[in-house]
Number of protein chains: 2
Amino acid sequence: MAHTSALPAARSAAQDSDPDHDALMERLARAAAGYYRDLTAAAALHGLTMTQAKMLILLRRQPLPMRALAGRLACDASNITGLVDRLEARGLVSRHADAADRRIKNVVATEEGREAVRLICADMRGTSEAFARLDEEGRRSLYELLGRLHPEDTQETT
Amino acid sequence: MAHTSALPAARSAAQDSDPDHDALMERLARAAAGYYRDLTAAAALHGLTMTQAKMLILLRRQPLPMRALAGRLACDASNITGLVDRLEARGLVSRHADAADRRIKNVVATEEGREAVRLICADMRGTSEAFARLDEEGRRSLYELLGRLHPEDTQETT
DNA sequence: GTCATTGCTTGGCTGCATCAAGCATCTAAC
DNA sequence: GTTAGATGCTTGATGCAGCCAAGCAATGAC
């Protein structure tokens, strides 16, 4: 936290003035932990792991090549193979060789896979309730601030 | 929410009016992913896993019994044993039998452990830069909104 | 004392993550 | 074209993280 001493104001400054870097980090950490805890629990209700749920969520709108999935999930490409294997075995996604480049396998969520995403999101009660704690103005601000925190750079992958 | 009418308005509503539940969830997901990606990378610089880093962060202020760690990390108690084993083997934490109840082992971060936390937090450049994208007013709002999202209920554990 | 409860550990099993190595395909350069 | 390199995916090996069931030790209630 606020290091040695020297900065007496910083500590409880969080309440009113510019929140200290660490204080803000702590709250972001809490929000992140809450989100993942909720997602993990909701996914478990449907027999899925958090990582599997994250992948299905990425695929809900459009198919993605395995390579792109590795990028989005920030993990090694070799990881994706097993991940997709397990989801494919359960009929939630399928691989389709790309027409233009036969090295590429596009992973597409099946209807059952998309339905699983819907159910999981609906089961994320903790997060829904958290949002409900804000008024409309609060939700709008939060949405806007989070958008500024992480501008949607990592997008184009198709 | 406000979705009485069937169709088209809700979709891009995120831009201006009350952001729809899913749009807000998506941004929260992005923020959470960004935070953990950054934490994982920073921890890796010091040869630690994300989970190990999370545990050290929890212990930075005060010792906690293993049971409490399981609660905070939202995992099975049996998990903590191995986690603490590995950190203890590296001299970052140590176990101390509780004076009042000898079943309890309090886990305390060593000075080296606390130093590791400091270095890791300092290495979270991505998150720091994200905060820097907001002005002071933005940081204050975000801090306040995140505080309302997750009121600090889960606290007392000592 | 006895017995149920609580805190931690162990063992077994799965999934997730890494790396190194390999095959197939595409691209470019000759 | 043929070769050489780059790129996309898979495999195998290893370690960590997660769960569960089972066990021991200590506490607390009686």
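Below, read A as the first sequence line, B as the second, and so on, with proteins coming before strands; counting in each chain starts at 1. Because only heavy atoms are used, hydrogens play no part in the values below, and waters and symmetry mates are left out as well, while side chains stay in.
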Does this structure show an ion pair linking [X] with [Y], if we count only N-O contacts that are shorter than 4.0 Å?
X      : Y      : result
B:R140 : B:E144 : no
B:E112 : B:R118 : no
A:R114 : A:E111 : yes
B:E26  : A:R60  : yes

Would you say the side chain of B:L39 lies within less than 4.5 Å of the side chain of B:T127, judging by non-hydrogen atoms?
no
For residues A:T110 and A:E115, determine if any side-chain heavy atom of one lies less than 4.5 Å from a side-chain heavy atom of the other.
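Not touching, per the 4.5 Å side-chain cut-off.
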Note: contacts of residues 87-97 of chain B with DNA chain D (heavy atom, under 4.0 Å) are none
Rounded to whole Å, please give me the gap between [atom1] in [X] and [atom2] in [N].
X      : N      : atom1 : atom2 : answer
A:I80  : D:dT11 : CD1   : C1'   : 15 Å
A:M66  : C:dT25 : CE    : P     : 16 Å
B:L48  : C:dT18 : CG    : C1'   : 16 Å
A:L39  : C:dC16 : CG    : C1'   : 15 Å
A:D85  : D:dT10 : CG    : C1'   : 9 Å
A:K105 : D:dT7  : NZ    : C1'   : 14 Å
A:R67  : C:dT25 : CZ    : C1'   : 15 Å

Within this structure, what is the CG-CE distance for the pair A:N79 and A:M55, rounded to the nearest 0.5 Å?
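Reported to 0.5 Å precision, the distance equals 8.0 Å.
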Sequence-aligned protein contact record of nucleotides 17-26 of chain D, with B where the base is within under 4.0 Å of a protein heavy atom and S where only the sugar-phosphate is:
SBBB----BB
Is there a continuous path of hydrophobic side-chain contacts, each under 4.5 Å between heavy atoms, that joins A:Y36 to B:Y35?
yes
